[in-house]
A.B. asks: 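Quick one: the structure is below, questions incoming.
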2 protein chains.
Amino acid sequence: MLKTSIIPSFCLDGKRVNCVPVKSFNTRLKEHIHSTGSHLCVGLDINPEALKMNYSTLDDLKSHTRKVIDATADLAAVYKPNMAFFERWGSEGVKWLEETMEWIGDSALTIGDAKRGDIGNTARQYAASLFNYFGFDAVTVNPYMGRDAIEPFTQDSEKGVFVLCRTSNASAGDFQDINSNGETLFESVAKLVKKLNSNDNLGLVVGGTSATEISQIRKVVKDLPFLIPGIGAQGGDLESSFKSGNTDGIALINVSRGIIFAGDLSAKAIRKEAKRYVEIMQSFK
Amino acid sequence: MLKTSIIPSFCLDGKRVNCVPVKSFNTRLKEHIHSTGSHLCVGLDINPEALKMNYSTLDDLKSHTRKVIDATADLAAVYKPNMAFFERWGSEGVKWLEETMEWIGDSALTIGDAKRGDIGNTARQYAASLFNYFGFDAVTVNPYMGRDAIEPFTQDSEKGVFVLCRTSNASAGDFQDINSNGETLFESVAKLVKKLNSNDNLGLVVGGTSATEISQIRKVVKDLPFLIPGIGAQGGDLESSFKSGNTDGIALINVSRGIIFAGDLSAKAIRKEAKRYVEIMQSFK
């Protein structure tokens, strides 16, 4: 984390100095999931409205974040801080994110859920921010501007990039389902991502709301990891999403609110819910 | 700017308390451009690599930012800080953005070039960050996730939203040009944005690299403002972009590097170049 206050310009190329690259991100993720036995990604989307009466200051949000991490440290394969929830508080929020990254430490991998989508020099600044400054292992990226918006993030093979493909929100189909010559936009995105995966560090964000679409995308990209959000507190969608996604490639299941605001918001309730998700997924194998 | 350290939750709804809304963003922009006589948006994308030998610390970047604002305060209708260039430096960079917003003050409108593209609760956090915390007058937004990614930003009619439509980068066509039933994806985006404009605060980002596409989009959305980036130091594209875009709706022309790193990086060189752009555009009318 927070490597230096001024990052030397070589970092912008995603290259390392005095440092031998070890393994690609997709290999790291696969090995990490195998060694932990967990496909669970815990989304850190912590806002005061959800904490209700248990919140009065930013310190309360920090304290809850730490509680979630402590309660799930041996259960979460990955943590996914959602940038918006930190940025909302300006520079103080960014400090909270810095602290969060330190609390997570090396026990889990981290995905910066930023959904950035910009090009060239701007995308390189975002990559420098997310990979070099905050130290995320992977990020989420938006493909609307084409390959220019993806490639600046893929230069360091150890760092991963999950590109939005078919998302889980109600209006996802407004554009993603547009069909041209028998191919949907989300299938076109999957094909381009497959083509760009020369460093073995690309994956896709595929919403957990339709097992049919997950299977459809799995046919296009056999072995790329899927980050699957949109799973509710119910096991139904979880089972079909997991089984459709976790075939040749890894499925990483994200749960945010269902875990971080579980029950009475106690460490015990949070841990119980995280454990339930991990065990349900283990039962599918 | 920086309204409070903890933002009350009512701000998340984009509603004002003890404050009567005055005018829609699109009206504010139009009146501001008419009163200043300038269609120039100065993009603040300030990175150390471009400053070369004139840079050694973050204070040098701050100093250059202030120099640009002081030199162009009566010429720029709008400033567009690019979030990536500030985020690269973590919490210190966010402080620099806070200072930048204070330096700009009320003389110009501001667009937060964030290109955020997320939904529901997450989009509301981003809106709270950009509108309420930093105090931007408008933001740029990415439409890949559909209307869910746009609507949370449009609730306050005084605040503007420029949705990415046809961008100016080399790979813009990877997805934006996909044609379904005779309509390109970027035309579909323009149509949806037109439909969502019930608060008169939506506009489009349309790259300045093709006058044909600008005209094509102008046919779909007659009176929406266009934010046009991608204009080089040459007047050629500027003329065709301006004339194609500035018809029934306003065209706002963004120039970043051409101004902020002009000549020998002196205030004089920066001002001269900004003035040149303003005067060229005035000559088109």
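Fair warning: this is a prediction, and the values are worked out from it, not measured in the lab. By convention in this document, chain letters (A, B, ...) are assigned in the order of the sequence lines, proteins followed by strands, and residues within each chain are numbered from 1.
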A.B. asks: I'd like to verify something: which residue of A/Thr140, A/Leu192, A/Asp174 has the highest number of heavy-atom pairs under 4.5 Å with chain B?
C.D. replies: A/Asp174
A.B. asks: If we define contacts as heavy-atom pairs under 4.5 Å, which of A/Gly90, A/Ser188, A/Gly117 has the most with chain B?
C.D. replies: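 Sorted descending by pairs with chain B, the first entry is A/Gly90.
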A.B. asks: I'd like to verify something: which residue of B/Ile119, B/Thr167, B/Thr122 has the highest number of heavy-atom pairs under 4.5 Å with chain A?
C.D. replies: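 Option with the greatest count: B/Thr122.
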A.B. asks: Can you establish whether the number of heavy atoms outside A/Lys194 located under 6.0 Å from its atom NZ is more than 12?
C.D. replies: no
A.B. asks: With a 4.5 Å cut-off on heavy-atom pairs, point out which of B/Ala114, B/Pro143, B/Gly120, B/Ala149 contacts chain A the most.
C.D. replies: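 Of B/Ala114, B/Pro143, B/Gly120, B/Ala149, B/Pro143 has the most heavy-atom pairs under 4.5 Å with chain A.
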A.B. asks: Rounded to the nearest 0.5 Å, how far does CZ of A/Phe175 lie from CZ of B/Arg147?
C.D. replies: 8.0 Å
A.B. asks: Tell me, out of B/Lys95, B/Met83, B/Gln176, who's got the most heavy-atom pairs with chain A below 4.5 Å.
C.D. replies: B/Gln176
A.B. asks: Is chain A contacted by the side chain of B/Leu164, its backbone, both, or neither, given a heavy-atom distance below 4.5 Å?
C.D. replies: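 Both backbone and side chain.
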A.B. asks: Could you look at B/Asp148 and say if it's the side chain, the backbone, both or neither that has a heavy atom under 4.5 Å from chain A?
C.D. replies: both
A.B. asks: A/Phe186 and B/Tyr144: which non-hydrogen atoms are nearest, and at how many Å?
C.D. replies: CA-OH, 4.1 Å
A.B. asks: Got a second to check how far B/Arg88's CZ is from A/Arg124's CZ, nearest 0.5 Å?
C.D. replies: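 It is 10.5 Å, given to the nearest 0.5 Å.
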A.B. asks: Please confirm whether the backbone N or O of A/Met145 pairs with a side-chain atom of B/Asn169, one donor and one acceptor, at under 3.5 Å?
C.D. replies: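 Yes.
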A.B. asks: Taking all atoms of both residues into account, what is the closest heavy-atom pair of A/Ser171 and B/Gly146, and its distance?
C.D. replies: OG-C, 3.4 Å
A.B. asks: Between A/Asn121 and B/Asp45, does a side chain to side chain contact (heavy atoms under 4.5 Å, CB included) hold up when you go through it step by step?
C.D. replies: CA-CA 9 Å; A/Asn121 198 18; B/Asp45 305 28; 6.0 Å; no
A.B. asks: Check whether B/Ser129 reaches the backbone of A/Glu87 with its side chain - one donor and one acceptor, N or O, closer than 3.5 Å.
C.D. replies: yes
A.B. asks: Mind ranking A/Ala123, A/Cys165, A/Gly93 by heavy-atom pairs under 4.5 Å with chain B and telling me who comes out on top?
C.D. replies: A/Cys165
A.B. asks: Which atom names give the shortest non-hydrogen contact between B/Asp113 and A/Tyr126, and what distance separates them?
C.D. replies: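 Nearest heavy atoms, B/Asp113 then A/Tyr126: O-OH, 4.1 Å.
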A.B. asks: With chain B, which of A/Asn179, A/Val189, A/Leu130 has the greatest number of heavy-atom pairs at distances under 4.5 Å?
C.D. replies: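 It is A/Val189.
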A.B. asks: Looking only at atom types and distance, does a side-chain atom of A/Ser91 sit under 3.5 Å from a main-chain N or O of B/Val94, one as donor and one as acceptor?
C.D. replies: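 Not confirmed, A/Ser91 side chain does not pair with B/Val94 backbone.
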